[in-house]
Q: 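Quick one: the structure is below, and I'll ask about it shortly.
Lettering follows sequence order; numbering is per chain, from 1. Not measured: the values here are computed from a predicted model.
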Number of protein chains: 2
Amino acid sequence: MAKRGPYGKGIERRQQILDGALRTIAERGFHATSLAELADAVGLSQSGLLHYFGSKEQLFIAVLRRRDELDLAAMGEPSPESLIALIRRNTEVPGLIELFTHMQAAAADPRHPAHEYMREHYERGTEGFARLLRGMQENGSLPAHVDPVAMATAFIALTDGLQSRWLIDPALDMTAHLELCWERFTARPWMRPGHETR
Amino acid sequence: MAKRGPYGKGIERRQQILDGALRTIAERGFHATSLAELADAVGLSQSGLLHYFGSKEQLFIAVLRRRDELDLAAMGEPSPESLIALIRRNTEVPGLIELFTHMQAAAADPRHPAHEYMREHYERGTEGFARLLRGMQENGSLPAHVDPVAMATAFIALTDGLQSRWLIDPALDMTAHLELCWERFTARPWMRPGHETR
DNA sequence: GTCTATATCTGGATAGAC
DNA sequence: GTCTATCCAGATATAGAC
């Protein structure tokens, strides 16, 4: 697996560090996570970390990218169920959600390094979700009238919003709300003849 | 309007400062907004500000509370339309949305001063929205089957998520998505007999 | 009540040895 | 590639005069 040649070792090590950071942030939360603590956790000095990632922000972004990879791999065959299961699993790693939320806020500044990442993240996510929806429409398990991109956008926004709120109020049942909304979104819009909507 | 007695002046001044900060953050954005800049903008020294608000976080929270007040007042009679109009108006003050998003992220830490504010904010918001929905059910403009609290929760989460994303990608048409979702949520669920949902 | 000046502190980044 | 040591910037918070 390790690439041969001059950069093999570094890349491998980088991966290890990333996974260590991922675990640490997941467990201990994002707040009170300075470079020093992160370095400690992976058994490296502060500058050791910086040697690999240049800056704190870039390290965080790398962590986020890595998580995206892992999530994608863990999901396997995309389906509404596997997506909701993913959200449910995220419940076990609040620190990562916290990290994401902070980076999301920071990314509002176009000059912030997370800006680019977030744009990609959303583009990939929306596209992937929309593809799933299109597939469902083709095999008839989703009504043809829904616009896949609009629905994907809304669902991702809903998920983000629920996660942010859940961090503040862990009693919130995210999956219940997601399932309810999914059902409402996919319901066939046919009315009984003679009834107006309002 | 100014209260008489020893605290009248202070309270009044506090209000002025708050409105100044509100305007400043709205215009210039949240990033690159330090205490010093805020103090400058309202024609006060850094410690002048702190005299009134104790700390930066508390000032920010006061700003957020103030905005909640103004929003509530500006909305007048609550209705789906006025809510969506509010979101549309928010488009003109991205800095305030940015502030909210940052505080939302920070509030994940229960020890952070914004934690308490956010809990209240969501409780008030959900309750108010649910009350509106209940009213609509009573006068028949909303189907009786929807659970007002669940729908309010979902809608607020959706709004938050759309706003966070809009900061990153201002091309996103928030109101269009909200209107679409509103329509999907309130659609009557009756199916044509003989059709399964999936 | 408001200002000036300053203390303090946190944490990210850098230089250079090994 | 990794560490130690140091630096430095930025920002908050405080002390005390006016």
Side-chain angles (χ1 to χ4, degrees), chain A residues 2-21 24-25 28-64 95 98-99 102-103 105-106 109 111-114, chain B residues 2-21 24-25 28-63 98-99 102-103 105-106 109 111-114:
Chain A
K3 223 202 291 192
R4 288 300 158 144
Y7 300 114
K9 174 90 180 302
I11 291 174
E12 204 177 337
R13 186 84 180 93
R14 203 182 134 101
Q15 204 67 243
Q16 289 172 7
I17 295 172
L18 226 37
D19 286 333
T24 309
I25 297 175
R28 318 211 350 205
F30 169 79
H31 55 266
T33 298
S34 60
L35 267 188
E37 305 214 34
L38 241 19
D40 255 29
V42 297
L44 217 63
S45 74
Q46 190 173 322
S47 359
L49 265 191
L50 257 19
H51 171 74
Y52 287 98
F53 295 97
S55 81
K56 188 196 182 190
E57 306 296 342
Q58 279 167 32
L59 166 59
F60 282 151
I61 294 168
V63 166
L64 250 21
E98 210 186 337
L99 170 63
H102 274 276
M103 287 298 115
D109 181 353
R111 287 160 312 184
H112 192 286
Chain B
K3 225 203 292 194
R4 289 299 157 146
Y7 300 113
K9 171 92 181 301
I11 290 176
E12 203 178 337
R13 187 83 179 91
R14 204 182 133 99
Q15 203 67 242
Q16 289 172 5
I17 295 171
L18 227 36
D19 286 333
T24 309
I25 297 174
R28 315 212 349 204
F30 168 80
H31 54 267
T33 296
S34 61
L35 267 188
E37 305 214 34
L38 242 17
D40 255 30
V42 296
L44 215 63
S45 76
Q46 191 172 320
S47 0
L49 263 192
L50 256 21
H51 171 72
Y52 288 97
F53 296 96
S55 81
K56 188 194 182 190
E57 306 297 340
Q58 279 167 33
L59 167 59
F60 281 151
I61 294 168
V63 167
E98 208 186 339
L99 170 63
H102 274 275
M103 288 297 115
D109 180 353
R111 289 161 311 185
H112 192 285

Q: Counting C-beta onward and ignoring hydrogens, is there a side-chain heavy-atom pair between B/Glu37 and B/Arg28 closer than 4.5 Å?
A: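 In short, these two side chains touch, coming nearer than 4.5 Å.
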Q: From C/dT14, C/dA13, C/dT4, pick the nucleotide closest to the side chain of A/Ser47?
A: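 Of all the options, the side chain of A/Ser47 is nearest to C/dT14.
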Q: Can you say whether a donor on the side chain of B/Ser55 sits under 3.5 Å from an acceptor on the base of D/dT12, or the other way round?
A: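 There is none.
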Q: Measure CG/B/Leu35 against C1'/D/dA11 and give the value in whole Å, please.
A: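 Interatomic distance, CG of B/Leu35 to C1' of D/dA11: 8 Å.
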Q: How many whole angstroms separate atom NE2 of B/His31 from atom P of D/dG10?
A: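 Checked: the NE2 to P distance equals 16 Å.
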Q: Can you find an N or O donor on one side and an acceptor on the other, under 3.5 Å apart, linking the side chain of B/Ser34 with the base of D/dT12?
A: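 Answer no: no donor N or O sits under 3.5 Å from an acceptor.
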Q: In whole Å, I'd like the distance from the CG atom of B/Leu49 to the C1' atom of D/dT12.
A: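 Whole-Å distance recorded here is 12 Å.
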Q: Does B/Leu50 reach a base, just sugar-phosphate, or nothing at all? Heavy atoms under 4.0 Å.
A: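 Counting heavy atoms under 4.0 Å across all strands, the contact made by B/Leu50 includes a base.
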Q: Output the rounded distance in Å from CZ (B/Phe53) to P (D/dA13).
A: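 Answer to the nearest Å: 14 Å.
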Q: Base of C/dG11, side chain of A/Gln46 - is there a donor-acceptor contact under 3.5 Å?
A: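 Absent.
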Q: Main chain of A/Leu50, side chain of A/Ser47: is a donor-acceptor contact present, judged purely on distance under 3.5 Å?
A: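 Not confirmed, A/Ser47 side chain does not pair with A/Leu50 backbone.
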Q: Rounded to whole angstrom units, what separation is found between the CG atom of A/Leu38 and the P atom of C/dG11?
A: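 Value for this atom pair: 13 Å.
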Q: Less than 4.5 Å apart, side chain to side chain, heavy atoms only: is that true for A/Leu18 and A/Leu59?
A: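 They are in contact (side-chain heavy atoms under 4.5 Å apart), so the answer is yes.
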Q: How many Å lie between NE2 on A/His51 and P on D/dC3, as a whole number?
A: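 So the two atoms are 10 Å apart, to the nearest Å.
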Q: Does the side chain of A/Gln16 come within less than 4.5 Å of A/Leu44's, by heavy atoms?
A: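 No, their side chains stay 4.5 Å or more apart.
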Q: Considering only side-chain heavy atoms of A/Lys56, which listed nucleotide, C/dA13, C/dC3, D/dA11, is closest?
A: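 The nucleotide sitting nearest to the side chain is C/dA13.
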Q: Check the distance between C/dG12's C1' and A/Gln58's CD and give it to me in whole angstrom.
A: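 Distance, rounded to whole Å: 13 Å.
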